[in-house]
Amino acid sequence: MICPHCGHDNLEGADNCETCLHDLRTLDVPLPTAGLQKHLMEDRVSQIPFDRLVLASPDDSVAEVVSRLKAINVGQAVVVEEGKLVGIMTERDLLYKVAGRELDLQKLPVREVMTPHPEAVREQDEIRFVINKMSVGGYRHVPIVRDDRPVGIISAKAIANYILEHSELEF
């Protein structure tokens with residue numbers, strides 16, 4: 001990569017010029033052109049229909065929340081305290097922390113099953129940012145917050161459906 005400041009030919013991927021230490025990190029950022037690439041790079045979370053949101057309190061019983069999840073056919077509840085996001089309880093949490101154990105779900109509070117302090121995104125975040133969070137963290141659902149208050153939840157399935165509907169895929 002040629003440094004635009006001094007003209008030195010640096011190794012590809014270098015963060016700074018070897019000669020003048022000029023910042024090179026912004027020079028090899030991919031720019032979107034069209035289709036799938038453009039949607040991934042530029043579209044925002046707010047453009048994707050949010051999944052239905054089930055709110056729960058950390059003190060709610062797991063049985064009560066599972067009943068609400070089943071009633072509207074979703075697999076996760078966002079846990080809030082004083083309106084602010086404090087956790088998420090997913091099907092995966094139930095599978096790994098509850099299934100196969102002798103527990104009274106009527107007495108088991110959500111706080112003992114939920115994943116505390118989940119990663120969250122904002123409506124103005126780019127889709128690529130959410131996909132990266134999901135990939136790195138191994139998540140399928142990420143809460144969407146406005147001022148630390150959940151307003152929705154985005155799923156990997158919703159992102160995939162959005163991309164497929166809005167892209168001119170070439171095979």
Side-chain angles (χ1 to χ4, degrees), residues 29-30 32 34-169 171:
V29 174
L36 176 62
Q37 187 182 52
K38 187 167 181 65
H39 286 290
L40 286 173
M41 297 289 288
E42 294 182 349
D43 289 1
R44 309 259 174 205
V45 168
S46 60
Q47 294 173 259
I48 300 174
F50 302 166
D51 288 352
R52 289 169 285 183
L53 190 61
V54 172
L55 297 177
S57 160
D59 297 321
D60 288 347
S61 77
V62 170
E64 176 187 338
V65 176
V66 167
S67 177
R68 286 191 276 158
L69 294 174
K70 288 173 60 177
I72 65 168
N73 196 30
V74 296
Q76 69 288 325
V78 174
V79 185
V80 294
E81 204 162 40
E82 297 178 16
K84 300 215 180 213
L85 177 67
V86 296
I88 185 169
M89 185 180 81
T90 67
E91 292 170 325
R92 200 174 276 176
D93 289 320
L94 295 170
L95 179 65
Y96 289 113
K97 298 173 186 174
V98 175
R101 296 177 59 199
E102 298 288 328
L103 299 169
D104 183 351
L105 300 184
Q106 295 290 345
K107 294 180 181 174
L108 183 64
V110 167
R111 81 172 66 257
E112 292 187 26
V113 176
M114 72 180 193
T115 299
H117 315 294
E119 294 276 345
V121 295
R122 298 168 300 146
E123 295 163 290
Q124 65 268 28
D125 288 336
E126 292 95 0
I127 293 172
R128 64 189 165 130
F129 180 70
V130 181
I131 292 171
N132 184 58
K133 274 191 181 290
M134 288 178 164
S135 176
V136 170
Y139 315 128
R140 292 179 294 161
H141 299 89
V142 177
I144 303 165
V145 295
R146 188 182 307 137
D147 300 321
D148 293 328
R149 297 181 182 282
V151 295
I153 192 157
I154 191 163
S155 68
K157 181 179 177 184
I159 292 171
N161 287 339
Y162 177 83
I163 296 297
L164 289 172
E165 289 173 14
H166 293 86
S167 295
E168 298 167 11
L169 298 177
F171 294 99

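Nothing here was measured: the structure is a model prediction, and the numbers come from that model. Nothing fancy with the numbering, it's 1 onward along the sequence.
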| task | With side chain to side chain contact (heavy atoms under 4.5 Å, CB included) as the test, would you mind laying out the steps for Ile154 and Ile48 before giving the verdict? | result | CA-CA 8 Å; Ile154 191 163; Ile48 300 174; 3.7 Å; yes
In Å and rounded to the nearest 0.5 Å, what is the [atom1] to [atom2] distance from [X] to [Y]?
X: Ile127; Y: Ile159; atom1: CD1; atom2: CD1; result: 6.5 Å
X: Ser67; Y: Leu105; atom1: OG; atom2: CG; result: 11.5 Å
X: Ser46; Y: Gln124; atom1: OG; atom2: CD; result: 8.0 Å
X: His141; Y: Glu91; atom1: NE2; atom2: CD; result: 7.0 Å
X: Arg122; Y: Asp148; atom1: CZ; atom2: CG; result: 11.0 Å

| said: Using a 3.5 Å distance criterion without hydrogens, assess whether the side chain of Asn132 forms a donor-acceptor pair with backbone atoms of Phe129. | reply: no
| Under 3.5 Å, side chain of Arg149 to main-chain N/O of Glu82, donor-acceptor pair present? | yes
What is the minimum heavy-atom distance between [X] and [Y], and which atoms define it?
X: Glu81; Y: Pro58; answer: OE2-CG, 3.7 Å
X: Leu53; Y: Val151; answer: CD2-C, 3.9 Å
X: Leu85; Y: Pro150; answer: N-CD, 4.0 Å
X: Glu119; Y: Val142; answer: O-CG1, 3.6 Å
X: Ala77; Y: Ala56; answer: CB-CB, 4.3 Å
X: Val79; Y: Met89; answer: CG2-N, 4.2 Å

| Has Asp59 got more than 12 heavy atoms of other residues, nucleotides or ligands less than 6.0 Å from its CG? | yes
| Is the count of non-hydrogen atoms from other residues, nucleotides or ligands lying under 6.0 Å from Asp104 atom CG greater than 12? | yes
| field | Residues forming a salt bridge (Lys or Arg N to Asp or Glu O under 4.0 Å) with Arg52, sequence neighbours excluded | value | none
| request: Identify, with sequence neighbours excluded, every residue that meets salt bridge (Lys or Arg N to Asp or Glu O under 4.0 Å) alongside Lys97. | output: Asp93
Taking the side chain as everything from C-beta on, heavy atoms only, tell me whether [X] gets closer than 4.5 Å to [Y].
X: Leu69; Y: Gln76; result: no
X: Ile88; Y: Ile153; result: yes
X: Thr90; Y: Arg140; result: no

| Salt bridge or not for Lys133 and Asp125, using N-O below 4.0 Å? | no
